[in-house]
Amino acid sequence: MGIVIGVVNQKGGVGKTTTTVNIAAGLGALGKKVLLIDFDPQGNSTTGFGVEKKSLEYTIYDVITGEIRPEKAIIQTKFKNVSILPATSKLCNAEPLLTQMEQKNLQLRKIALQVKDKYDIVLIDSLPSLGILAVNVLAACDTIIVPMTCEHFSLEGLAQLMVTIKKVRLKFNPDISIMGIVFTMLDKRLVSSVEIKNEIRKNFKKDMIFRAEIPRNVRISEAQSHGEPIIYFDKTSKGADAYIRLSKEILMKCRQREKEGN
């Protein structure tokens with residue numbers, strides 16, 4: 001049975017979707033069978049894999065509202081070992097429908113349980129919010145990856161996320177853990193970046209911060225506009241190297257979880 005990993009940060013603009021797309025591609029390239037669930041109404045993970053939204057017959061909206069089983073909406077991407085359960089802006093309409101359901105915060109968990117035994121890793125791209133959709137992601141995950149930029153407001157966002165995770169543990173998902181924090185869009189020349197990294201390291205255990213750091217890299221942005229993960233768009237770039245190293249670390253942590261029986 002696979003592991004369900006959410007890529008989560010309540011603050012926007014931290015490279016969350018970029019990270020989800022590129023670790024999905026990285027894990028696939030390393031031989032793991034990956035399903036990416038796009039659970040952000042912006043649907044950027046969907047377009048990040050070159051999927052044309054207009055061509056989609058079904059999306060995560062149809063699955064989360066109970067219209068169809070997840071298998072009917074999952075599509076194989078053209079990239080090695082990566083399938084996607086796509087999203088469009090229609091997902092925004094799911095929130096008011098979920099509020100009427102008895103287990104409104106557990107609908108994505110039910111979907112994850114239906115599919116996780118068919119994949120090595122299920123990745124969920126979460127939206128930056130505190131609403132029902134975001135809580136559904138945390139309730140569905142075994143563990144989460146937290147992308148964050150080295151900016152002051154990111155520290156505030158991280159503190160808010162910790163509070164939310166504590167609430168979710170108490171109410172819906174007592175076993176959720178944090179796999180690690182990954183620094184994104186990093187510019188090592190900035191003094192503020194170094195200061196904030198040091199602040200994070202003071203407050204979190206060493207093994208909760210990924211060694212791989214994602215640099216601010218124009219090739220990553222260019223890859224997104226072409227609907228390709230960076231390791232396929234430009235495998236020699238610094239961005240591609242960083243995401244492959246991050247993917248290898250994630251695999252190492254997944255194996256460690258297995259050994260510990262989590």
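This structure is a prediction, so every number in the text was calculated from the model and none was measured.
Salt bridge annotation for Glu199-Lys202: present, with a cationic side-chain nitrogen under 4.0 angstrom from a carboxylate oxygen. Between Arg219 and Asp234 there is a salt bridge, since at least one side-chain N of the basic residue sits less than 4.0 Å from a carboxylate O of the acidic one. Taking a cutoff of 4.0 Å between a charged side-chain nitrogen and a carboxylate oxygen, Asp187 and Arg189 qualify as a salt bridge. Salt-bridge check for Asp62 with Lys72: failed, with every basic side-chain N at 4.0 Å or more from each acidic carboxylate O.
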(request) Could you go through the salt bridge (charged side-chain N to carboxylate O under 4.0 Å, His left out) check for Glu258 and Arg255 one step at a time? (result) CA-CA 5 Å; Glu258 282 178 23; Arg255 290 189 193 109; over 6 Å; no
(message) If you apply the rule salt bridge (charged side-chain N to carboxylate O under 4.0 Å, His left out), what do you find for Glu213 with Lys197, and how did you get there?
(response) CA-CA 11 Å; Glu213 298 172 344; Lys197 275 170 62 178; 3.1 Å; yes
(request) Determine, step by step, whether Leu85 and Val63 satisfy the side-chain contact (heavy atoms from CB on, under 4.5 Å) criterion, reporting the C-alpha distance in whole Å, the side-chain angles of both residues, the deciding distance to 0.1 Å, and the verdict. (result) CA-CA 9 Å; Leu85 185 40; Val63 183; 4.1 Å; yes
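The distance from atom CG of Leu35 to atom CD1 of Ile84, rounded to the nearest 0.5 Å, is 8.5 Å. In this structure, CZ on Phe49 lies 10.5 Å from CD1 on Ile75, to the nearest 0.5 angstrom.
Listed here is the closest heavy atom pair of Val82 and Ala25: CG2-CA, 4.1 Å.
At least one donor-acceptor pair under 3.5 Å links the side chain of Glu249 to the backbone N or O of Ala212. Proximity of a side-chain donor or acceptor of Asn9 to a complementary backbone N or O of Pro147 within less than 3.5 Å is detected. Between the side chain of Thr184 and the backbone N or O of Ile214, no donor-acceptor pair lies under 3.5 Å. A donor-acceptor pair is defined here as one N or O able to donate and one able to accept, closer than 3.5 Å; such a pair exists between the side chain of Asp120 and the backbone of Lys33. Not a single donor-acceptor pair under 3.5 Å links the side chain of Asn203 to the backbone N or O of Ile200. Here the side chain of Asn217 pairs no donor or acceptor atom with the backbone of Lys238 at under 3.5 angstrom. A donor-acceptor contact shorter than 3.5 Å links the side chain of Asn22 to the backbone of Thr18.
For residues 133-148, every residue pair satisfying the side-chain hydrogen bond (donor to acceptor under 3.5 Å, both in side chains) rule, not counting sequence neighbours, is listed here: Lys116-Asp142, Thr143-Ser177.
Here Lys118 pairs with Glu71 under the salt bridge (Lys or Arg N to Asp or Glu O under 4.0 Å) rule; sequence neighbours left out.
Of the residues listed (Asn44, Asp125, Thr47), the one engaging Thr17 in a side-chain hydrogen bond (donor to acceptor under 3.5 Å, both in side chains) is Asp125, and it is the only one.
Annotation: cation-pi pair Lys253/Phe210 present, NZ/CZ under 6.0 Å from the ring centroid and within 45° of its normal.
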